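One structure is given below, encoded as structure tokens.
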Amino acid sequence: MHFKPNLPYSHVTPETSYLSRRTLMAGMAGAGLVAASGARAQEMPDFEIRGFDTTEKPNTFEEITGYNNFYEFGTGKEDPARNAHTLTTDPWSVEIDGLVERPGSYGLGDILAKVDIDERIYRFRCVEAWSMVIPWNGFELNQLLNLAGVQPSAKYVRFETLYRPEEMPGQRRPILDWPYVEGLRLDEAMHPLTIMATGLYGKMLPNQNGAPLRLVVPWKYGFKSIKSVVKVTLTDKQPLNTWKATNHREYGFYSNVNPEVSHPRWSQATERRIGGGLFASRLATVKFNGYEEQVGHLYRGMDLSKDY
Ligand code: MTE
């Protein structure tokens with residue numbers, strides 16, 4: 001599905017038809033019908049062909065939007081759903097600066113008119129050892145970076161969340177050093193798995209999930225996936241991300257999902273799937289959250305137990 005100019009990003013498909021359409025398309029892809037029909041291929045998300053989606057059962061909309069980490073709205077898992085309605089997400093713009101050809105303020109509407117919105121079903125693994133499967137809507141971050149034009153000397157991308165304590169009650173307390181900051185190496189940022197999410201289940205991204213625009217990096221712990229992004233800076237220095245600044249012994253820059261490297265206070269070998277019920281057994285955590293085939297090459301030669 002490609003949203004085009006003048007279509008608001010809230011342009012949606014109801015959840016049930018969304019899922020049945022996906023099943024239908026998966027079947028068509030298997031039967032070779034996708035390639036046979038040019039017209040249909042137009043509206044086909046290309047992820048099925050590229051195989052980025054997990055076939056694991058997605059969590060429900062209620063689970064994904066009712067159990068969150070968004071400290072700007074409180075530290076409890078249900079605080080964001082309760083408090084994030086105060087956030088104004090329209091108008092919204094993203095300042096892109098640093099080592100780019102076309103620095104400036106990019107309005108969200110203008111951005112969305114120039115990118116291709118995909119649907120991606122990704123596993124999502126929090127550093128706290130819980131996980132979900134989330135059907136995101138969004139576009140590849142490389143499309144946004146290419147709009148601004150990355151200069152050859154850029155090596156990293158730094159992201160910043162909105163700082164607006166009037167609307168974000170958590171920011172009125174020194175829980176973290178606000179605003180929340182994250183960073184990626186440029187090759188991680190340009191990787192096709194890395195998306196800026198604008199929705200989930202074909203619906204506009206709910207505020208508690210980081211509306212209107214949040215990063216999703218599926219092979220890294222969830223805290224890398226910074227919410228409600230207002231600033232993107234291309235730089236030649238590794239950005240200091242909020243959780244590393246808060247506790248560098250427990251949280252690193254790379255933060256790739258890795259069952260072999262324990263958090264100092266708990267094992268990362270297994271995870272609890274949200275919605276599994278009280279008696280469900282824990283799942284084995286997979287290196288790079290299952291995306292090793294796609295991203296393992298980015299870290300060849302690195303010692304991920306030291307460079308975490
Ligand atoms: N981004 C901001 N700005 N503030 C936060 O507190 N929490 C992070 C990440 N992005 C956070 C954030 C953490 S720890 C996780 S696990 C994910 O968001 C949670 O995303 P979800 O609530 O959509 O599942």
Side-chain angles (χ1 to χ4, degrees), residues 1-3 7-26 43-45 47-48 52-90 92 108 112 117-126 128-139 161 168 193 195-218 221-229 271-278 280 283 289-290:
M1 183 200 306
H2 291 228
F3 295 165
L7 275 182
Y9 62 100
S10 53
H11 186 80
V12 294
T13 317
E15 188 178 323
T16 43
S17 65
Y18 164 82
L19 284 175
S20 53
R21 187 170 58 86
R22 287 186 51 83
T23 311
L24 179 72
M25 285 191 304
E43 59 184 60
M44 292 294 154
F47 53 72
E48 247 119 23
F52 285 163
D53 278 7
T54 174
T55 51
E56 286 173 63
K57 183 171 170 279
N59 280 88
T60 64
F61 186 80
E62 289 68 31
E63 286 159 357
I64 298 166
T65 60
Y67 186 95
N68 301 95
N69 276 332
F70 200 172
Y71 279 17
E72 283 83 343
F73 296 101
T75 54
K77 295 288 183 268
E78 292 170 14
D79 289 343
R82 193 163 35 233
N83 298 331
H85 61 90
T86 52
L87 179 64
T88 309
T89 56
D90 187 12
W92 195 271
L108 183 58
L112 294 179
I117 302 283
D118 256 352
E119 295 157 336
R120 300 274 178 99
I121 303 187
Y122 283 163
R123 281 179 294 274
F124 188 85
R125 168 61 158 83
C126 178
E128 297 164 335
W130 53 265
S131 64
M132 296 203 203
V133 173
I134 305 184
W136 300 105
N137 305 97
F139 57 91
T161 292
M168 297 173 132
L193 275 178
I195 60 167
M196 296 302 290
T198 54
L200 52 90
Y201 268 117
K203 298 179 170 62
M204 237 166 106
L205 198 63
N207 286 0
Q208 59 266 39
N209 291 86
L213 191 66
R214 63 89 62 87
L215 182 68
V216 177
V217 195
Y221 290 123
F223 70 85
K224 297 296 291 181
S225 294
I226 181 172
K227 296 179 167 182
S228 306
V229 171
E271 64 199 53
R272 176 174 65 93
R273 181 62 52 84
I274 299 300
L278 218 49
L283 306 176
N289 205 19

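On a predicted model such as this, the values are computed, not experimentally measured, just so you know.
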Within the side chain of Asn83, is there an N or O that forms a donor-acceptor pair under 3.5 Å with the backbone of Gly74? no

Any non-hydrogen side-chain atom of Leu193 less than 4.5 Å from a side-chain atom of Val217? no

To the nearest 0.5 Å, what is the distance between CD1 (Ile121) and CG (Asn59)? 11.0 Å

Go through the structure and list residues passing salt bridge (charged side-chain N to carboxylate O under 4.0 Å, His left out) with Glu271, not counting sequence neighbours. Arg125, Arg273

Is a side-chain donor or acceptor of Asp53 paired with a backbone partner of Arg120 at a separation under 3.5 angstrom? no

Do the non-hydrogen side-chain atoms of Asp79 and Phe70 ever get within less than 4.5 Å of each other? no

Nearest heavy atoms of Ala197 and Val216, plus distance in Å: CB-CG2, 3.8 Å

Output the distance between atom CZ (Arg123) and atom CG (Asn289), rounded to the nearest 0.5 Å. 5.5 Å

Taking the side chain as C-beta and beyond, is there a heavy-atom pair between Leu108 and Asp90 under 4.5 Å? no

Inter-residue atom distance Ile134.CD1 - Thr54.OG1, 0.5 Å rounding: 12.0 Å

Is the ring pair Trp130/Phe124 parallel, tilted or perpendicular, if the boundaries are 30 and 60 degrees? tilted

Do the side chains of Pro58 and Tyr201 get nearer than 4.5 Å, heavy atoms only? yes

Got Glu72 and Leu87 here, is their nearest side-chain heavy-atom distance under 4.5 Å? no

Short side-chain to backbone donor-acceptor contact, Lys227 and Asn69, under 3.5 Å: yes

Taking the side chain as every heavy atom from C-beta outward, state whether Ser225 and Arg214 have any atom pair closer than 4.5 Å. yes

Between the main-chain N or O of Ile64 and the side-chain N or O of Asn209, is there a donor-acceptor pair closer than 3.5 Å? yes

Give, for atom CD1 of Ile195 and atom CH2 of Trp136, the distance between the pair rounded to the nearest 0.5 Å. 7.5 Å

Work out which heavy atom in Pro80 is nearest to a heavy atom in Phe73; give both atom names and the distance. CA-CB, 3.9 Å

Once you round to the nearest 0.5 Å, how far does OG1 of Thr198 lie from CG of Asp118? 10.0 Å

Whether Ser228 side chain and Thr161 backbone form a donor-acceptor pair below 3.5 Å: no

Atom CD in Gln208, atom CZ in Arg82: separation rounded to 0.5 Å? 11.5 Å

Just so I know, are the side chains of Leu112 and Phe139 near enough to count as touching, which here means a heavy-atom distance under 4.5 Å? yes

On a heavy-atom basis, which atom in Pro206 and which in Thr65 lie closest, and how many Å separate them? CG-CG2, 3.6 Å

